[in-house]
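Report on the following structure.
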Amino acid sequence: YHSSTKSHNMAKIMQRKVVAAFNFSNRHTKARSEGDRGVHLLKNTIAPCIITEPFFFSNDTETEIVLNNKSKLVDAYVAGIDEIATTMFS
């Protein structure tokens, strides 16, 4: 949600990990506000929360790369969660 600094920092960590894993263009994080897709989850969750969208299904090249290298995506998420847990919640 647009007003959560902690969630924004979490999103930046996850974004950095996914970009590094696949060497995709960094589209940066996007804040969500009223009326946006996914905002209900972000706005109504007490804990810091993010929605990840590591690639677009409309981009055939990125879709194929990720689907053929799922373990890279899993590893990027694990590394992101680990960094979030150790730097933001310890």
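Just the heavy atoms: all of them, side chains too, but no hydrogens, waters or symmetry mates, feed the values below.
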For L41 and C49, what are the C-alpha separation, side-chain angles and deciding distance, and is it a side-chain contact (heavy atoms from CB on, under 4.5 Å)?
-> CA-CA 8 Å; L41 170 70; C49 180; 3.9 Å; yes
List the steps and the verdict of side-chain contact (heavy atoms from CB on, under 4.5 Å) for F55 and R27.
-> CA-CA 10 Å; F55 63 98; R27 295 182 183 96; 5.8 Å; no
Please walk me through it: do E34 and K43 pass salt bridge (charged side-chain N to carboxylate O under 4.0 Å, His left out)?
-> CA-CA 9 Å; E34 222 43 63; K43 183 178 179 184; 2.7 Å; yes
Determine, stepwise, if the pair I50 / H8 fulfils side-chain contact (heavy atoms from CB on, under 4.5 Å).
-> CA-CA 8 Å; I50 63 172; H8 187 226; over 6 Å; no
Report the C-alpha distance between Q15 and H28 in whole Å, list the side-chain angles of each, state the deciding distance to 0.1 Å, and finish with yes or no for side-chain contact (heavy atoms from CB on, under 4.5 Å).
-> CA-CA 7 Å; Q15 175 71 4; H28 304 282; 5.5 Å; no
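Annotation: side chain of L67 is in contact with side chain of T63 (closest heavy-atom distance under 4.5 Å). Inter-residue side-chain proximity for P54 and V66 is flagged as unmet; no heavy-atom pair is nearer than 4.5 Å. Annotation: side chain of N9 is in contact with side chain of T5 (closest heavy-atom distance under 4.5 Å).
No more than 12 heavy atoms of other residues, nucleotides or ligands sit less than 6.0 Å from atom CD of E64.
Between R37 atom CZ and L42 atom CG the span is 11.0 Å, to the nearest 0.5 Å. Put simply, OG1 on T87 and CE on M10 are 10.0 Å apart, with the number rounded to the nearest 0.5 Å.
Residues meeting the side chain to side chain donor-acceptor pair (under 3.5 Å) test with N44, sequence neighbours left out: H40.
N68 contributes no side-chain N or O that, together with a main-chain N or O of I65, makes up a donor-acceptor pair within less than 3.5 Å.
Contacts classified as side-chain hydrogen bond (donor to acceptor under 3.5 Å, both in side chains) and involving residues 69-85 (residues at least two apart or in different chains) are given here: R16-E83, K17-E83, T52-Y77.
F24 and M14 fall within a single hydrophobic cluster, where Ile, Leu, Val, Met, Phe, Trp and Tyr are joined by side-chain heavy atoms under 4.5 Å apart, directly or via other members. In the hydrophobic clustering of this structure, F22 groups with I13; members are Ile, Leu, Val, Met, Phe, Trp, Tyr whose side-chain heavy atoms approach within less than 4.5 Å, directly or through other members.
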